[in-house]
Each structure stands twice: as structure tokens, then as C-alpha cells.
Amino acid sequence: MESAVQYIKDFQGNDILAVLPIEEYRFLRERAIGDEEEEIPEAHKHILDERIEKYKNHPEDFITYEELKRSIRDELGIQSNFPFRG
């Protein structure tokens, strides 16, 4: 597959976006996603079950997503209007 990728750069000359033909995008997307949904391994399910149980028994040990974002902003000195996406 021949590629005609175009790169968009920021003011410092760093690549920040890539524009590629729709056929190539679809090919890459299909390759990444695939048609089959993979089964979650039992070991992973067990870890999740343990974490859920821990949360149910000790919710005070956890913080909310908003508290996490606030903590990160405070630690990095980022203004509160920084556009975190959630």
C-alpha cells in the first residue's frame, strides 16, 4: 500500500498530526481493531474482582477522578482550566 501521509507541524517544527488517505486509515483501523472481540483472561478478571471487593470494603482508600485530576494539576502547577479529557 503506497502512502501519501502529510504531517502537520507546530511552531517548533515538531510533528503533531498525520493526515493519511482514507483507505490507509481504514486498513490500519481494521488491523488494530479486528473483527473478533478478545476474551478477558481469567487471571485479569480475578484481579478486577479483588479490586472491586477492596473498594466495597474500604472506599475511603480511594479518590474520585476529579480529585485525581486536581491532585495532578496541583503537583504540576497547572491552572484549573487545563483541558483534561475524561
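Distance check: I8 CD1 to N14 CG gives 13.5 Å after rounding to the nearest 0.5 Å. The line from CD1 of I40 to NE2 of H46 is 15.0 Å long, rounded to the nearest 0.5 Å. Note: K69 NZ to T64 OG1 = 9.0 Å, rounded to the nearest 0.5 Å.
In this structure I47 satisfies the side-chain contact (heavy atoms from CB on, under 4.5 Å) test together with R51, sequence neighbours excluded. Remark: E42 engages K45 in a salt bridge (Lys or Arg N to Asp or Glu O under 4.0 Å) (not counting sequence neighbours). With sequence neighbours left out, Y7 forms a ring-ring contact (aromatic ring centres under 6.0 Å, His included) with no residue at all. In this view, K9 and D15 satisfy the side-chain contact (heavy atoms from CB on, under 4.5 Å) rule, not counting sequence neighbours. In this view, F62 and Y55 satisfy the ring-ring contact (aromatic ring centres under 6.0 Å, His included) rule, not counting sequence neighbours. Partners of R29 under the side-chain contact (heavy atoms from CB on, under 4.5 Å) rule, at least two apart in sequence or in another chain, are Y25, I33.
Looking at I72 and L68, their side chains come closer than 4.5 Å, going by heavy atoms from C-beta outward.
Enclosure of atom CD in E67 by more than 12 non-hydrogen atoms of other residues, nucleotides or ligands within 6.0 angstrom is indicated.
Linking Ile, Leu, Val, Met, Phe, Trp and Tyr residues whenever their side-chain heavy atoms come within less than 4.5 Å leaves V19 and I22 in two separate clusters.
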Under the salt bridge (Lys or Arg N to Asp or Glu O under 4.0 Å) criterion, do R26 and E23 qualify, and how do the steps go?
CA-CA 5 Å; R26 288 180 179 144; E23 297 84 15; 5.7 Å; no

The test is side chain to side chain contact (heavy atoms under 4.5 Å, CB included); show your working for L20 and Q6 and say whether it passes.
CA-CA 6 Å; L20 57 148; Q6 298 176 358; over 6 Å; no

